Amino acid sequence: MLKIFNTQTKKLEEFVPLNDNIVTMYVCGVTVYDYCHVGHARSAICFDMIYRYLLYKGYDVKFVKNFTDIDDKIINKANEENKPFDEISEKYIKEFYTDMEAIGIKKPTFEPKATMHIKDIIDFISKLIEKGYAYEVDGDVYYSVSKFEAYGKLSHKKIEELKAGARIDINENKKDPLDFVLWKKSKPNEPSWDSPWGKGRPGWHIECSVMSMYYLGETIDIHGGGEDLIFPHHENEIAQSEALSDKQFVRYWIHNGFIKINNEKMSKSLGNFFTIRDVLKKFNGETLRYYMLLTHYRNPIDFSYNGLLAAKEALNRYYTFLMRLDNTKFGDEAFRIDSIETLIFNFENAMDNDFNTPQAIAEVFNCIKDFNLYLDTCQKNNLTPSLQLKKTFLNSMSKIAQVLGVFDKSYKEWYNLENNQWIEEKIKQRNKAKREKNYALADSIRNELLNAGIILEDYKDKTIWKKIK
RNA sequence: GGCGGCAUAGCCAAGUGGCUAAGGCACGGGUCUGCAAAACCCAGAUCCCCGGUUCGAAUCCGGGUGCCGCCUCCA
């Protein structure tokens, strides 16, 4: 039974979709005006993992992730570079896909752009005005927060306290400082669309309400995003959507924790951020993904080079083990190892507990330890290890890999091993030297390979090699 | 100022009332090896502090200290 921590109730709740087997899920995507940083990667990986696990559980998941492709930051960038705004957004959508592919993100069902739904946005806003939740002032349309009684129910804020805070920007058009913009009048030379209120463009929050309803209906099961979106973005989405439909907007709110740098929030304004491609210069996508999954999705990650290094070493351990399995002869004898037989069960248990990926990963390494020990024992006593055990392990691993999006390569891919005839030849020469007890020659061959980035491992009846990672 | 979160070995990180506190990385000792590598074994934790509840607490409650986040755009 899957349990999910719901931001709104602050409790672990049993997950039961609204319509038996169908799960509707919406995740706030990125504003496309720059390369993605590792914070975007974390959010993407988190919800990708959730998406994959729901699919694994047999749900028919309809998953929407949007692109915000019209916004002040995009317009600013367009002005700086003297290009049309959509050239900027299209460029960074393309770059986005490059990054997402590198970290193993599965494509959502729908990936709409805000600009594809201008007409729907205008309709939505018109209805809010009709229902008395929004008002127009001089070409801008605002949402009237005080009209929506439940405002603050997600972020657990009280309207009075928000008003007391002096940090809300004063806009003389607004009737109330808490009101937020639904439709923004455009300045000359800015991108704009015709509307009943004149030329303008949508505010930020409205697109998610509109697209969520358009693709998934009035009430959806899961809505997610980074924890900084809780307020005001998701609070405002609730206000917009529920005012229109008079129905519950979202049943389970899920928010991922932040990336920190030296214990401070990573943000563009502080300038302490790494882009995904910065990281990919040093580590591969699987390592970055594994590193993210090593921490529970709601906890912060203090992002570090050392952490990535440890992640890489852990994956080395996994793939070295696969290499060992592949180079070991197995036979029909039966043998039981508890942790291996219960691996998939333990994995599901961990994942059912609010997607506890660190625990899920620990279960995998538990098995590897037990299996290695067993193989050591077999080797020592000249026994043939059980093929059935290997099959059980690999079957479970293929399911786990499919959900986590790591552990999903062959060791040959991971270590980048091609058919290198010359390496095999060198190994033969070295083994011959070893048999002749010419250790000086044997060592010099091994060093030669080491200099070429090749590490040898001697087993009882064969020598295997891998590339340094 | 208001609201919220976190504090577990050198580092990362699960566990949230009960057998010896998972797992990974690093370091040290050992086994194996011609030497290595890989693997395994051993060593290593006052579970931030002080009280309380309980037969029993890292886990629940109260207080304290420290760090962080949100309240403005932000994954």
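Fair warning: this is a prediction, and the values are worked out from it, not measured in the lab. Numbers restart at 1 for each chain; the letters A, B, ... are given by sequence-line order, proteins then strands.
- Gly226(A) comes within 4.0 angstrom of the backbone, heavy atoms only, and of no base.
- Gly307(A) comes within 4.0 angstrom of nothing in the nucleic acid, heavy atoms only.
- Here the options are His233(A), Glu235(A), Gln8(A), the test is side chain to side chain donor-acceptor pair (under 3.5 Å), and the partner is Ser155(A); only Glu235(A) passes.
- Between Ile301(A) atom CD1 and rC6(B) atom P there is a gap of 16 Å when expressed in whole angstrom units.
- Toward the 5′ end of RNA chain B lies the nearest nucleotide of Lys10(A), the other residue of the pair Lys10(A) and Asp228(A) mapping further downstream.
- In this model, the phosphate group of rC40(B) is approached by a side-chain N or O of Arg317(A) to a distance below 4.0 Å at OP1 or OP2.
- Residue Lys265(A) is in base contact, counting any heavy-atom pair closer than 4.0 Å across all strands shown.
- Applying salt bridge (Lys or Arg N to Asp or Glu O under 4.0 Å) to Arg201(A) and the options Asp69(A), Asp72(A), Asp140(A) leaves one that passes, Asp72(A).
- Under the Watson-Crick or G-U wobble criterion, with both distances below 3.5 Å, rG17(B) has no partner in any strand shown.
- Between the side chains of Asp278(A) and Thr275(A), a donor-acceptor pair is found at a separation under 3.5 Å.
- For the C1' atoms, the distance linking rC25(B) with rU16(B) amounts to 25 Å, nearest Å.
- In summary, the side chains of Tyr459(A) and Asn327(A) do not present any donor paired with an acceptor at a separation below 3.5 Å, with no hydrogens or angles considered.
- As rounded to the nearest Å, rC48(B) and rC12(B) have P atoms that lie 14 Å from one another.
- Applying the 6.0 Å contact sphere to NZ of Lys460(A) captures more than 12 heavy atoms from other residues, nucleotides or ligands.
- rG4(B) and rU8(B) have their P atoms separated by 23 Å, given to the nearest Å.
- Listed candidates were rA38(B), rC73(B), rG34(B). Nearest to the side chain of Lys73(A) is rC73(B).
- rG17(B) and rG52(B): their C1' atoms are spaced 15 Å apart (whole Å).
- Within the shown strands, nothing qualifies as a pairing partner of rU53(B) under the Watson-Crick or G-U definition with both distances less than 3.5 Å.
- Residue Lys312(A) is classed as having no contact, given no heavy-atom separation below 4.0 Å to the nucleic acid.
- As a whole-Å value, the separation of Phe365(A) CZ from rA14(B) C1' is 14 Å.
- In terms of position along RNA chain B, the nucleotide closest to Ala314(A) lies nearer the 5' end than the nucleotide closest to the other residue of the pair Ala314(A) and Arg42(A).
- Within 4.0 Å (heavy atoms only), Phe258(A) reaches at least one base atom of the nucleic acid.
- Regarding contacts with the backbone of rC35(B), every side-chain N or O of Arg446(A) stays at 4.0 angstrom or more from both OP1 and OP2.
- Base engagement by Gly257(A) is indicated by at least one non-hydrogen atom pair under 4.0 Å involving a base atom.
- Of all nucleotides present, only rG66(B) satisfies the Watson-Crick or G-U wobble test against rC6(B), with each distance under 3.5 Å.
- Using a 5.5 Å limit on the distance between ring centres and a 30° limit on the angle between planes, the aromatic ring of Tyr439(A) counts as stacked on the six-membered base ring of rG34(B).
- No more than 12 heavy-atom neighbours from other residues, nucleotides or ligands sit within 6.0 angstrom of CG on Asn262(A).
- Donor-acceptor pairing under 3.5 Å is recorded for the side chains of Tyr415(A) and Thr320(A).
- Here, rA21(B) and rA43(B) have their P atoms 12 Å apart, quoted to the whole Å.
- Here the separation of rG1(B) from rA57(B), taken at their C1' atoms, is 35 Å to the nearest Å.
- A donor-acceptor contact under 3.5 angstrom links the side-chain atoms of Asp443(A) to the base of rG34(B).
- Across all strands shown, Ile361(A) has no heavy atoms under 4.0 Å from either base or sugar-phosphate atoms.
- The partner of rA39(B), taking Watson-Crick or G-U wobble pairs whose two distances both stay under 3.5 Å, is rU31(B).
- If you check every strand for non-hydrogen atoms under 4.0 Å, Asn372(A) touches sugar and phosphate atoms only.
- Atom pair Leu456(A):CG and rG34(B):P shows a separation of 15 Å (rounding to whole Å applied).
- A salt bridge (Lys or Arg N to Asp or Glu O under 4.0 Å) with Glu457(A) is found for exactly one of Arg446(A), Arg324(A), Lys462(A), Lys466(A), namely Lys466(A).
- Rounded to an integer number of Å, the gap from CG of Asp376(A) to P of rA39(B) is 10 Å.
- For Met266(A), taking side-chain heavy atoms from C-beta onward, the closest of the listed nucleotides rA75(B), rC71(B), rC40(B) is rA75(B).
- Across all strands, Met323(A) comes closer than 4.0 Å to no nucleic acid atom at all (heavy-atom distances).
- Across rA75(B), rA37(B), rA14(B), the shortest atom-to-atom separation from the side chain of Gln359(A) is found for rA14(B).
- The distance from atom CG of Leu154(A) to atom C1' of rG4(B) is 13 Å, rounded to the nearest whole Å.
- Distance, His296(A) NE2 to rC12(B) C1': 16 Å, rounded to whole Å.
- Across all strands shown, Lys380(A) has no heavy atoms under 4.0 Å from either base or sugar-phosphate atoms.
- Side-chain N/O atoms of Ser339(A) and Asn366(A) include no donor and acceptor closer than 3.5 Å.
- If you check every strand for non-hydrogen atoms under 4.0 Å, Arg435(A) touches nothing.
- Comparing the P positions of rU59(B) and rC49(B) gives a spacing of 10 Å, expressed to the nearest Å.
- With distances taken from any side-chain atom of Asn263(A) to the nucleotides rA13(B), rC71(B), rC68(B), the minimum falls on rC68(B).
- For Lys157(A), taking side-chain heavy atoms from C-beta onward, the closest of the listed nucleotides rG2(B), rA38(B), rA39(B) is rG2(B).
- Between the NZ atom of Lys158(A) and the P atom of rG2(B) there is a distance of 12 Å, rounded to whole Å.
- The residue Ile259(A) sits close to a base: some heavy atom pair falls under 4.0 Å.
- Within the nucleic acid shown, Asp72(A) has no heavy atom closer than 4.0 Å to any nucleic acid atom.
- Comparing rA38(B) with rG15(B), their P atoms are spaced 31 Å from each other, to the whole Å.
- None of His234(A), His223(A), Arg298(A) except one satisfies the side chain to side chain donor-acceptor pair (under 3.5 Å) rule with His255(A); the exception is His234(A).
- Nucleic acid contact class of Asn306(A) (heavy atoms, under 4.0 Å, all strands): none.
- OP1 and OP2 of rA14(B) both lie 4.0 Å or more from every side-chain N or O belonging to Asn356(A).
- For Lys369(A), the listed nucleotide lying nearest its side chain is rC40(B); candidates were rA37(B), rC73(B), rC40(B).
- The distance from atom CG of Asn349(A) to atom P of rG15(B) is 13 Å, rounded to the nearest whole Å.
- Residue Asn299(A) places at least one side-chain N or O closer than 4.0 Å to OP1 or OP2 of rA14(B).
- Of the candidates rC25(B), rC35(B), rA22(B), the closest approach to any side-chain atom of Asp458(A) belongs to rC35(B).
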